[in-house]
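What follows is a single structure, written as structure tokens, with notes after it.
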There are 2 protein chains.
Amino acid sequence: MVTLKELAKLLNVSVSTVSKALSDSSEIGEATKKRVTELANELNYKPNRIAQQLKSSETKVVGVVVPSLMNPFFAEVVHGIETTLGNHNYDMTICISNESLEKEQRSFDLLSTGSVDGFIVAVARETQKEYNIKHFESVSKSTPIVMFDRVLNDVNCSKVVVDDFQSVYEAASYLIEKEDRKHILLISNIQELSVGQHRINGYKKAIQESNLSESILKLDGEKNPDELILHYLKEHKDVDAIISIDHITGIMALNMVKKLNKHVPNDISVIGFGYADSQFVSSPKISVINQKGYEIGKSSALTLLEILSKKVKTTYKTEMVKSELVLNETTKKA
Amino acid sequence: MVTLKELAKLLNVSVSTVSKALSDSSEIGEATKKRVTELANELNYKPNRIAQQLKSSETKVVGVVVPSLMNPFFAEVVHGIETTLGNHNYDMTICISNESLEKEQRSFDLLSTGSVDGFIVAVARETQKEYNIKHFESVSKSTPIVMFDRVLNDVNCSKVVVDDFQSVYEAASYLIEKEDRKHILLISNIQELSVGQHRINGYKKAIQESNLSESILKLDGEKNPDELILHYLKEHKDVDAIISIDHITGIMALNMVKKLNKHVPNDISVIGFGYADSQFVSSPKISVINQKGYEIGKSSALTLLEILSKKVKTTYKTEMVKSELVLNETTKKA
DNA sequence: TTGTAGGCGTTATCAT
DNA sequence: ATGATAACGCCTACAA
């Protein structure tokens, strides 16, 4: 690594002259500027970012802590974050909590120590269950935090959430009103998460408003979700629509319906939760509530960048990114 | 951020006393050690990592540059990398090249400037196409690089590759020998990547050895891959097995076969490329060549960590992580 | 046992 | 127009 000092020695000038010349300061003569920049290019000088960070006490790095990257939703969010940060010359350090409280705490501990200017986090399942918020509270005193999707209400920070309640409410209402469905099964794989609860509540509201009755199949932690779905459908032959509140069980349910030789969507409609290309792995192409992970990531990043750009403490806000009901081949055309 | 200096002032001792006390140096008396550690805990002192990095010229951070995170294979690899690095107290900065040469170059430029101790990279599609290796060559002089999966032979660094050729060769041989298949269709979505070529060549070898004839359907860049598959199968009714060399088209092909009311695996066997839970989104559960992304990530990280642990220049090695043929419900039981 | 001083690489202030 | 000096926070050889 070539440093300012080395350049200075080679050119027989002082370190500060070199520094100023490279930042095109008006204090430096054109001749020396040329000499300096030429040598710097030749030796491929790049300022040491660590030194700059120490000097400026700014890292231009954001810590991103997510439960998993193999969940396509989080992968998409992270993609949105990365792109947005990149446009503002920020980098991103990623920690994966693996749904573990302890790993999440360690990540915050490690990074809150000057390594990053701020955090973007979706809290781990365990954290949410045990409602342990100490690490967030202590860090947020010195470093701004933005939470998305999995959010803890009692932590005082900006948040970006999904309209979980409303989106499922609308999907169920659509099935009831436009398709005249009478027995809508809700399949859940995530009922213990706050977002899962919201989605279930949206479903319940729509059902209650129409005086239908609720059917909820909870698969969280079960080994053979597909068989349970199949079994349920066999026992309840009047099911005429399915809403799944996570990605995989939606596709699964579709496959099970086909296995029973029922026609989709004529006999049974299916609406899943999805991402950009959920449709590619299903036939017929599945209708989904699209969570817009990219938008959520972008929004989270912009929110954090805005906080970082101000010196003063900002007041925290909660933003909602609306999902989109994408009607495809597993629902009837409106 | 509370610093050593502040602690020193509050305790009326020198900075170095505090520093030594906190690192439990034998030079410091027990009494002062206690005073120091107690105040440090009370004020929640944590050494500033940036300062430590500058001092030691080690960051304990690895730069990871991948084409995408929404490709489950890369997501899985990154997970393996993160876990392994974490076990060795390393962090990870992720840049997503988005298959763009320029973005990849920018990432290397930015990070090779003291921000990271080493790189783990899967090269972008564009980089591979244009075979531009300058940024790797210049960085690798000062910072070790480990390449995985998408690898450039001419770059002098350690590599972790997949047995692309062998795995497809074995899958095809299995279909020919154990299932007596006569017309095996290979579906490719990635023929322009080196790994795609290797996989195709593995297929070709198996076909030639058995005096069968090749059928290759290239879908790269096509808008309606599913329809093309369907069309192909209608035109070639004697196809009795399909190998797909990427994740999505495997599931797609399976769905198209079912659409034609052919039985899987009795009429047609299907083998895709897959990850841990590919089977969950298909019915019947798809047989796959499992790439073991986690292992690849782990191996890449360990390789880099080993290089970093030695001061001397190591000699570069190329390691191969064997894929596993996971026979499931879309092939006949052996 | 404790303190002083110097340096990691950069930048900014203040002299010359 | 150029240079000397100090500072960011930490560590450590050396001095007291």
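Chain letters run A, B, ... following the sequence lines, proteins first, then strands; residues in each count from 1.
- Looking at the side chain of Thr3(B), the nearest of the listed nucleotides dG3(C), dG9(D), dG3(D) is dG9(D).
- Residue-to-nucleotide contacts include no donor-acceptor pair under 3.5 Å from the side chain of Lys46(A) to the base of dG9(C).
- Phosphate contact (OP1/OP2 of dT11(C), side-chain N/O of Ser19(A), threshold under 4.0 Å): present.
- Here the side chains of Ser112(A) and Phe119(A) are in contact, with some heavy-atom distance below 4.5 Å.
- Phosphate contact (OP1/OP2 of dG9(D), side-chain N/O of Gln52(B), threshold under 4.0 Å): absent.
- A close approach under 4.0 Å does occur between a side-chain nitrogen or oxygen of Tyr45(A) and OP1 or OP2 of dT10(C).
- Looking at heavy atoms from C-beta onward, Leu69(B) lies out of side-chain contact with Phe74(A) at the 4.5 angstrom threshold.
- Within the 4.5 Å cutoff, the side chain of Glu104(B) has heavy atoms near those of the Val123(B) side chain.
- In this entry the distance linking CE of Met1(A) with C1' of dT10(C) reads 13 Å, nearest Å.
- Here Thr32(A) lies in heavy-atom contact (under 4.0 Å) with sugar-phosphate atoms only.
- Along DNA chain C, the nucleotide nearest Ser26(B) and the nucleotide nearest Lys55(B) are compared for position; the residue whose nucleotide lies closer to the 5' end is Ser26(B).
- dT12(D) atom C1' lies 13 Å from atom CG of Leu4(B), rounded to whole Å.
- Contact annotation: Thr17(B) side-chain N/O to dT2(C) OP1/OP2 distance is not under 4.0 Å.
- Rounded to whole Å, atom P of dC11(D) lies 14 Å from atom CG of Asp24(B).
- Residue Lys5(B) places its side chain closer to dC8(D) than to any other of dT10(C), dC8(D), dG9(D).
- Between Leu54(A) and Lys33(B), the residue anchored closer to the 5' end of DNA chain C is Lys33(B), taking for each the nucleotide with the nearest heavy atom.
- In this structure, Asn48(A) places its CG atom 9 Å from C1' of dC8(C), rounding to the nearest Å.
- With hydrogens and angles left out, the side chain of Ser16(A) and the base of dA4(D) share a donor-acceptor pair within 3.5 Å.
- The only member of Thr32(B), Val18(B), Leu22(B) that meets side chain to side chain contact (heavy atoms under 4.5 Å, CB included) when paired with Thr37(B) is Leu22(B).
- Computed from coordinates, the Arg35(A) CZ to dT2(D) C1' distance equals 12 Å when rounded to whole Å.
- In this structure, the CG atom of Leu7(A) is 13 Å from the C1' atom of dT10(C), given to the nearest Å.
- Crowding of Lys292(A) atom NZ: a count of heavy atoms from other residues, nucleotides or ligands under 6.0 Å exceeding 12.
- For dC8(C), the OP1/OP2 oxygens have no side-chain nitrogen or oxygen of Gln53(B) closer than 4.0 Å.
- Note: NZ (Lys20(B)) to P (dT4(C)) measures 11 Å, nearest angstrom.
- Shown here is Lys298(B), whose NZ atom has no more than 12 heavy atoms of other residues, nucleotides or ligands within 6.0 Å.
- The 5' end of DNA chain D is approached more closely, in terms of each residue's nearest nucleotide, by Ile50(B) than by the other of Glu27(B) and Ile50(B).
- For the pair Ile28(B) CD1 and dT2(C) P, the interatomic distance rounds to 6 Å; values are reported in whole Å.
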